[in-house]
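Side-chain atoms are counted along with the backbone in the values below, which use heavy atoms only and exclude waters and symmetry mates. Sequence positions, counted from 1, serve as the residue numbers for this chain.
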Amino acid sequence: MPVRRSATGNLATDDLIWMLEGLGIRTGIDLDALTDTSIWLTSALGKNPASRVATALTR
């Protein structure tokens with residue numbers, strides 16, 4: 001199956017939670033804390049966030 005070269009292969013958890021919450025599906029997950037953790041971890045690894053939510057919040 002062809003895959004786009006820009007595809008990361010995974011769905012970022014914070015993107016999924018943002019989408020579900022936006023659809024009115026309550027997850028009980030603190031999106032701000034999750035995104036802060038995602039940003040911290042990718043920074044510690046020297047990478048850019050793969051999450052669109054985290055990318056938008058760091059600009």
Side-chain angles (χ1 to χ4, degrees):
M1 170 185 282
V3 177
R4 290 178 48 151
R5 289 184 184 176
S6 63
T8 61
N10 295 310
L11 171 64
T13 303
D14 35 355
D15 288 343
L16 175 62
I17 299 305
W18 179 84
M19 182 191 72
L20 292 172
E21 294 281 343
L23 292 170
I25 301 169
R26 302 294 164 233
T27 64
I29 296 173
D30 182 342
L31 182 58
D32 291 329
L34 176 63
T35 302
D36 287 346
T37 302
S38 174
I39 292 168
W40 169 80
L41 184 57
T42 54
S43 176
L45 294 172
K47 298 185 178 266
N48 293 322
S51 159
R52 293 179 188 258
V53 172
T55 300
L57 293 176
T58 58
R59 288 189 175 174

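- Among residue pairs with one or both ends in residues 26-53, those qualifying as salt bridge (Lys or Arg N to Asp or Glu O under 4.0 Å) are E21-R26; sequence neighbours excluded.
- Of all heavy-atom pairs between I39 and A54, the closest is CG1-CB, 3.7 Å.
- Applying the side-chain contact (heavy atoms from CB on, under 4.5 Å) criterion to L41, with sequence neighbours excluded, gives L45.
- Every residue two or more places apart in sequence or in another chain was checked for a side-chain contact (heavy atoms from CB on, under 4.5 Å) with S43, and none qualifies.
- By the rule that hydrophobic residues join a cluster once side-chain heavy atoms approach within less than 4.5 Å of another member, M19 and L11 end up as members of one cluster.
- Annotation: side-chain hydrogen bond (donor to acceptor under 3.5 Å, both in side chains) contacts of T37 (sequence neighbours excluded): none.
- For S51, the side-chain hydrogen bond (donor to acceptor under 3.5 Å, both in side chains) test picks out D14, D15, with sequence neighbours left out.
- We find the CG-CH2 distance between L34 and W18 to be 14.0 Å, quoted to the nearest 0.5 Å.
- The only member of V53, T35, T27, I25 that meets side-chain contact (heavy atoms from CB on, under 4.5 Å) when paired with I17 is T27.
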